[in-house]
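Some notes on the structure that comes next.
Chain letters run A, B, ... following the sequence lines, proteins first, then strands; residues in each count from 1.
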2 protein chains.
Amino acid sequence: MLNDHTWRFSFPGLENLSPAVSDLLNKQAVPAVLKKDAVIFGPGKPAENLLLLGSGTVRVQQLSESGREIVLYRVHAGESCVLTTACLLAFEDYSAEGVAETNVEAILIPRDTFDKLMAVSIEFRAFVFEAYSKRITDLFMVIEEIAFKRMDIRVAQKLLDFQDAHKALHVTHQQMALELGTAREVVSRQLKEFERRGWLTLSRGLIELRDPAAIGRLAQAS
Amino acid sequence: MLNDHTWRFSFPGLENLSPAVSDLLNKQAVPAVLKKDAVIFGPGKPAENLLLLGSGTVRVQQLSESGREIVLYRVHAGESCVLTTACLLAFEDYSAEGVAETNVEAILIPRDTFDKLMAVSIEFRAFVFEAYSKRITDLFMVIEEIAFKRMDIRVAQKLLDFQDAHKALHVTHQQMALELGTAREVVSRQLKEFERRGWLTLSRGLIELRDPAAIGRLAQAS
DNA sequence: GCGGTTCTTGTGACAATGTCACAGACAGGT
DNA sequence: ACCTGTCTGTGACATTGTCACAAGAACCGC
């Protein structure tokens, strides 16, 4: 599916390119496949290409010295991973990394092609700037959450966000803690408290929501 | 100083523009002066221009519903404030705002001139992308700090960062708390503890460092 | 099955941080 | 001096983070 030029239909932001630009993109872009859990960029791994995701998701997370982590945001199909070009281009050492959360089909755009596209296409520029804006607002939201929001509310929100079609979550407490940037014990305690209230039931690697409405009411609380 | 075209010498990132590009910039850029404490952008204040700071600083901060705040980063002379164009261009409601921390001399670049410059100048593109990268890494560092670092260490670091030539800080505890995204009482307690150890002396609106070396040792601690 | 191993979860004790309610201290104006 | 608003100090308590450790559950080889 990625070796012809149909892949670009996955990118709503790139629909209105002029034929010449479209052509350039088709000629220079390199399809690639990344395996689940591959580290796409990270401390000491400079990236040379802009990444466009055709399928799958990439998780961007921050590591701390003490071993704790927090998920900053996810890049989904149809979006570009601007960090690979911009953030890693020059700046000081920081410890964010990007990991393929599933198998990923992606398009690599080399640096000079990227630059050419920025020069010739207003649509491409809009596409890139939207990506940047989205990432920055994502980071703002993360900061707001960790700096100002109560942990029980954040746990409740994650439960609702991550539940599947059967109101269940196949995650460990440790994985929840990583999402929230806190310690596993904190998550365990909150979940246990929710279980005590009858809002959910816990088993190994599985959380089943029994009263999503109640959880939702907590998640709404200021 | 801003009504001729000498202002551009303040911007190291814009030194190597070609004459034609330089000319465009000189013709279209609009000098402006912003008073101290002016709100440059914020919730419900869309901005239409890219801002280049000739002098002064702009503080970008996040507000919470509960009234607490945190400083995200500062824009200094010679830098561009990318949020004014990109972040506010479309996205959902968030509550960051930019405030002139001093009187500010700035250059406004209208949206279409900005776009033109992005199209024609590789140097200008590099300038803009560096600005974006810097902001994103700034935000990463803020997240790392508030999520993973101990408060006593963060207070110690701020003391060293903000001290003047006489090892003193003319700030209130409330202002320190805003920098750190915490409550005033927490800062007061930490400072009192430092005073007890003989590291500094406290008086109303003034902190005088007595043993910066000791404070530095704490600031270094993992 | 059985023992060994690893991953996951539970828990208590304690430290660090955040919240709330006040009181007192200080500076400036009148 | 008095009033007023701002700034600082403090105790009590709630929430969150850290540490140490134990118990359960899944998995594997045998």
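Judged by closest nucleotide on DNA chain C, A:S203 is the one of A:S203 and A:F148 placed further toward the 5' end.
In this model, no side-chain donor or acceptor of B:R189 finds a partner on the base of D:dG11 within 3.5 Å. Donor-acceptor pairing under 3.5 Å, judged by distance alone, is present between the side chain of B:R204 and the base of D:dT6. You won't find any donor-acceptor pair under 3.5 Å spanning the side chain of A:R184 and the base of D:dG17, going by distance alone.
Note on ring orientation: taking the six-membered ring where Trp is involved, the planes of A:Y132 and B:Y132 are tilted (angle from 30° to 60°).
A:R68 comes within contact range of the sugar-phosphate backbone alone, with a heavy-atom separation under 4.0 Å but no base atom that close.
Side-chain N/O atoms of B:Q190 include one lying less than 4.0 angstrom from OP1 or OP2 on C:dT17. For B:H173 and D:dG9, the shortest distance from a side-chain N or O to OP1 or OP2 is below 4.0 Å.
Between B:I143 atom CD1 and A:Q62 atom CD the span is 6.5 Å, to the nearest 0.5 Å.
Rounded to a whole Å, the CD atom of B:E185 is 9 Å from the P atom of C:dC20. If you take CD of B:Q174 and C1' of D:dT6, they are 11 Å apart, rounded to a whole angstrom.
B:R189 has no carboxylate O lying under 4.0 Å from a charged side-chain N of B:E185, or vice versa, which leaves the two without a salt bridge.
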